Protein chains: 2
Amino acid sequence: MPSMNIQIVARRAGVSVATVSRAFNFPDKVAPATRALVERVAAELGYVANASARTLRTQRSRVLGVVLPTLLNPTFAECLQGIAQTAAAGGYAIVPVTTDYQLAEEERAVNQLLAGNVDGMILVVSNPTTSQALERLRANAVPYVLAYNKHGLHPCVSVDSEGASADVVARLVRLGHRRIAMVTGTMAASDRAQQRYRGYLQGMDAAGLTAPPVLEVPFVETAVDALRHYLAETPRPTALFCSNDLLAIRSIRAASLDGLRVPQDLAVVGFDGIALGQDLTPALSTVMQPNHDIGRHSVELLLKALADGVVPRADASLLLPHAFREGESCAAAPT
Amino acid sequence: MPSMNIQIVARRAGVSVATVSRAFNFPDKVAPATRALVERVAAELGYVANASARTLRTQRSRVLGVVLPTLLNPTFAECLQGIAQTAAAGGYAIVPVTTDYQLAEEERAVNQLLAGNVDGMILVVSNPTTSQALERLRANAVPYVLAYNKHGLHPCVSVDSEGASADVVARLVRLGHRRIAMVTGTMAASDRAQQRYRGYLQGMDAAGLTAPPVLEVPFVETAVDALRHYLAETPRPTALFCSNDLLAIRSIRAASLDGLRVPQDLAVVGFDGIALGQDLTPALSTVMQPNHDIGRHSVELLLKALADGVVPRADASLLLPHAFREGESCAAAPT
DNA sequence: CTGTTAGCGCCTTCAC
DNA sequence: GTGAAGGCGCTAACAG
C-alpha cells in the first residue's frame with residue numbers, strides 16, 4: 001500500500017490524475033458524481049497523497065519546526081502541547097528539536113529544520129539579540145515566532161517577566177520580608193532569567209532593600225546541594241524568589257533537608273505556573289504564565305503570516321497576562 | 001536562499017549536478033579536489049539538499065513518527081527525550097503526536113503520520129490487542145515498535161509491570177501493611193494500568209490479603225477530590241499503591257489536605273520513576289522505569305530493522321530492568 | 001467539468 | 001572520475 005499513488009487511483013476510477021487531485025484539493029471543482037467515485041476508489045485502495053511529492057510541487061510542507069530548550073521542564077511541555085494542538089487544528093504537523101540550553105544546539109537545530117523544509121518555526125532561544133540562528137532565519141526569509149523570549153526586533157509571544165518579578169518582591173515585602181534572596185538558572189542561557197533577575201533587583205531597589213548575592217545554578221542539574229549551601233549562609237534569607245518552578249521545588253527540598261519549614265522559616269516563590277505545582281505540599285506559590293496559550297498564540301501568529309505569504313512582524317508581538325498564584329509555600333515573615 | 005538548489009551549486013562550481021550529489025552522498029566516489037570545490041561553493045551558497053525531493057526520489061524520509069498519550073506526564077517527556085536523542089544520532093527527525101489517551105486519536109495520529117511519509121513509528125498505545133492503528137500499520141507494512149506496551153505479537157520495549165507491582169505489594173507486606181489499596185488511571189485506556197493492577201492483585205493474593213476496591217480515576221484530570229473521598233473511607237488503607245507517579249503525588253496531596261502524614265499515617269508508592277519525584281518532600285518511593293532507555297532502545301530496534309529493510313519482529317522485544325527507588329513516602333505500618 | 005503535460009529537486013543508472 | 005537523462009508523485013496551467 002505504501003506504493004499506492006494518484007495514477008493507480010485515477011486508472012481504477014477511470015478518470016485522469018488531475019481529476020483525482022482536484023477531487024481532494026478542490027472538491028467543488030469536480031462533478032459530485034465523479035467526486036464520490038474518486039473518493040470511494042481512494043478509500044478502497046487506502047490512498048493518501050504523498051506528502052513529499054506535494055511539498056516538492058507546492059513548495060509548502062505544512063510542517064512547523066519547534067526549537068525548545070528541553071521537554072523535561074513541564075513549562076515547555078505545556079507550551080508544546082498548545083503548539084501541537086493549534087498546529088494540528090490548522091493542518092500542520094510539528095517537528096520539535098531540543099537544545100538543552102546550549103547555544104551551539106540552537107544553530108544545529110535551525111539548520112536541521114531548514115533542511116527539513118519546514119514552512120516556519122516557533123523558537124525559544126537563549127538570547128534573541130545575539131542569536132546566530134535567528135540571523136540565519138532572517139537571511140533565508142523563513143517565517144518564525146519567538147515564544148517566551150521578549151525582544152523589540154523580533155515577533156514574540158511572552159509575558160512581562162520583569163514586571164512580574166518586581167511585583168513578587170513587592171508582595172514579599174508587604175508580607176514583612178526583608179532578606180529576600182534570588183536563585184536562578186544560568187543567566188547567560190536565558191533572557192527570561194535575565195529579565196526576572198532585573199525585575200527582582202528593581203523590586204528590591206524600590207523597597208529600599210539590598211539584594212544579597214544571587215545563586216546561579218545550571219538549568220539541567222538538580223543542584224539541591226548548592227541550594228543547601230546557599231541557605232546555610234548567614235544571615236539566611238526569609239524569602240526565596242526562584243526564577244522557575246523546578247528551582248522552587250528543589251529549594252523546598254533543600255530547605256526540608258536542612259530542617260527548615262516552608263513557608264514558616266522560608267517563604268518560597270517560583271515562576272512558570274506548571275500545573276504540577278498545585279498538587280504539591282506545600283502547593284507552590286508562583287507567577288503563573290499561560291504556557292499553553294503562549295504556544296497557541298505563537299502558532300496563530302505564525303499561521304496568519306503564512307496564510308498572508310509574509311513573515312510575522314515584530315510589532316505583532318503579544319504580551320500575554322500573567323497572574324500570581326497563591327499557594328502555600330509563601331507566607332508572612334516571622335516577626 | 002530557500003530556492004537554492006543543486007543546479008545552482010553545480011553551475012557555480014562548474015560541475016554537473018550528479019557530481020554535486022555524489023560529493024555529498026558518496027564523498028569518496030569523487031576526486032578530492034572536486035569534492036573540496038563543491039563543498040566550498042555549497043557552503044558559500046548555504047546550500048542544503050531539499051528533503052522532500054530526496055524523499056520522493058529515494059522513498060526514504062528519515063523521519064520517525066511518535067505516538068504518545070501526552071507530554072504532560074514527565075514519564076513520556078523523558079521517554080521522548082531518549083527517542084529524540086537516539087533518532088537524531090541516527091540521522092532521523094521525529095514527528096510526535098499525542099493522543100490524550102483517546103483511542104480515536106490513536107487512529108487519527110497513525111493516519112496522519114502515514115500520510116506524512118514517515119519511515120517508521122514508535123507508539124504507546126492503549127491496548128495492542130485491540131488496536132486498529134496497529135492493524136493499519138501491519139497492513140501497510142510500516143515498521144514500528146511499541147514502547148511501554150507489552151504484547152507477544154508485537155515488537156515491544158517495556159518493563160515487567162506485573163512483576164514489579166507484585167513486588168511492591170510484597171515489600172509493603174514486609175513493612176507490616178495489611179490494608180493496601182490501589183489507585184489507577186482509567187484501565188481501559190492503558191494496558192500498563194491493567195498489568196500493574198494484575199500484579200497488585202497477585203501480590204495481595206500471595207500474601208493472603210483481600211484487596212479493597214480499587215480507585216479508578218481519569219488520566220487527564222487532577223482527581224485530588226476523588227482521592228480524598230477514597231481515603232476518607234473506613235477502614236482507611238495504611239498503604240496506597242499508585243499506578244503512576246502523578247497519581248502518587250496527588251495522593252500525597254490528598255492525604256495532606258485531610259491531615260494525614262505521609263508516610264506515618266499513609267505509605268504511598270508510585271510507579272514510573274520520574275526524575276522530579278526525587279526532589280519532592282517526601283521524596284517519592286516508586287518503581288523506577290528506565291524511561292529514557294525505553295525510548296532509546298525503541299529507536300534502536302526500529303533503526304536496525306530499517307537498515308535491514310525489514311519490519312521489527314515481535315521476538316526482538318526487549319524487557320528492560322526496573323528498580324524500586326527508596327524514597328520517603330513509604331515506611332513501616334503503624335503498629 | 002475533465003484531460004494533458006510540464007516540472008518541483010534530487011538520486012542513480014548508464015555512458016563516456 | 002564525471003556528465004546526461006529519466007522519473008519519484010503531485011499540482012497547476014492550459015486546452016478542450
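Keep in mind the model is a prediction, meaning the values are calculated, not measured. The sequence lines fix the lettering, A, B, ..., with proteins before strands; numbering per chain opens at 1.
Residue Phe26(B) is in sugar-phosphate contact alone, with no base atom involved, counting any heavy-atom pair closer than 4.0 Å across all strands shown. At the heavy-atom level, Ala49(B) lies under 4.0 Å from the strands shown only through sugar-phosphate atoms. Residue Phe24(B) is out of contact with every strand shown, counting any heavy-atom pair closer than 4.0 Å. Ala31(A) comes within 4.0 angstrom of sugar-phosphate atoms only, judged by non-hydrogen atoms across all strands, and of no base.
Contact annotation: the side chain of Val67(B) never approaches that of Val125(B) to less than 4.5 Å [non-hydrogen atoms, C-beta and beyond].
Considering only side-chain N and O atoms, Ser21(B) lies nowhere under 4.0 angstrom from the phosphate OP1 or OP2 of dC10(C). At dA4(D), none of the side-chain N or O atoms of Ser16(B) fall inside 4.0 Å of OP1 or OP2 (strictly under the cut-off). Side-chain nitrogen and oxygen atoms of Thr19(A) include none within less than 4.0 Å of the OP1 or OP2 phosphate oxygen of dT2(C). Side-chain N/O atoms of Gln7(A) include none lying less than 4.0 angstrom from OP1 or OP2 on dC10(D). Dashed line: the shortest gap from a side-chain N or O of Thr34(B) to OP1 or OP2 of dT2(D) is under 4.0 Å.
When each of dT12(C), dG3(C), dT11(D) is scored by its nearest atom to the side-chain atoms of Arg57(B), the top-ranked nucleotide is dT12(C). Closest contact between the side chain of Arg54(A) and the listed nucleotides dC10(D), dA13(D), dT2(C) involves dC10(D). For Asn50(B), the listed nucleotide lying nearest its side chain is dG9(C); candidates were dC11(C), dG9(C), dG3(D). For Arg22(B), the listed nucleotide lying nearest its side chain is dT13(C); candidates were dC1(C), dC10(C), dT13(C).
Atom-to-atom, CG of Asn117(A) to C1' of dC10(C) comes out at 12 Å; the value is rounded to the nearest Å. Regarding Lys29(A), its NZ atom lies at a distance of 15 Å from the C1' atom of dG3(C), rounded to whole Å. Counting to the nearest Å, the C1' atom of dG9(C) and the CD atom of Gln59(A) are 9 Å from each other. In this structure, CG of Asn25(B) is placed 16 Å from C1' of dT2(D), rounded to the nearest angstrom. Atom CG in Asp28(A) sits about 12 Å away from atom P in dT2(C), given to the nearest Å. Atom CZ of Arg11(A) is separated from atom P of dG9(D) by 11 Å (rounded to the nearest Å). Rounded to whole Å, atom C1' of dG7(D) lies 16 Å from atom CD1 of Ile6(A). Distance Leu56(B) CG to dG7(C) C1': 12 Å, rounded to the nearest Å.
Residues Thr58(B) and Val15(B) both approach DNA chain D. Their nearest nucleotides, taken by heavy-atom distance, put Val15(B) toward the 5′ side.
Distance check, rounded to the nearest 0.5 Å: CD of Gln81(B) to OG1 of Thr86(B) gives 9.5 Å. The structure places OG1 of Thr98(B) at 11.5 Å from CD of Glu106(B), a figure rounded to the nearest 0.5 Å.
Ring orientation note: the planes of Phe76(A) and Tyr148(A) are nearly perpendicular, at an angle over 60° on the 30°/60° scale.
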Given side-chain contact (heavy atoms from CB on, under 4.5 Å), test Leu302(A) with Ile122(A) step by step and report yes or no. CA-CA 8 Å; Leu302(A) 186 54; Ile122(A) 309 280; 3.7 Å; yes
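Between Arg40(B) and Glu44(B), at least one side-chain nitrogen of the basic residue sits less than 4.0 Å from a carboxylate oxygen of the acidic one, meeting the salt-bridge criterion.
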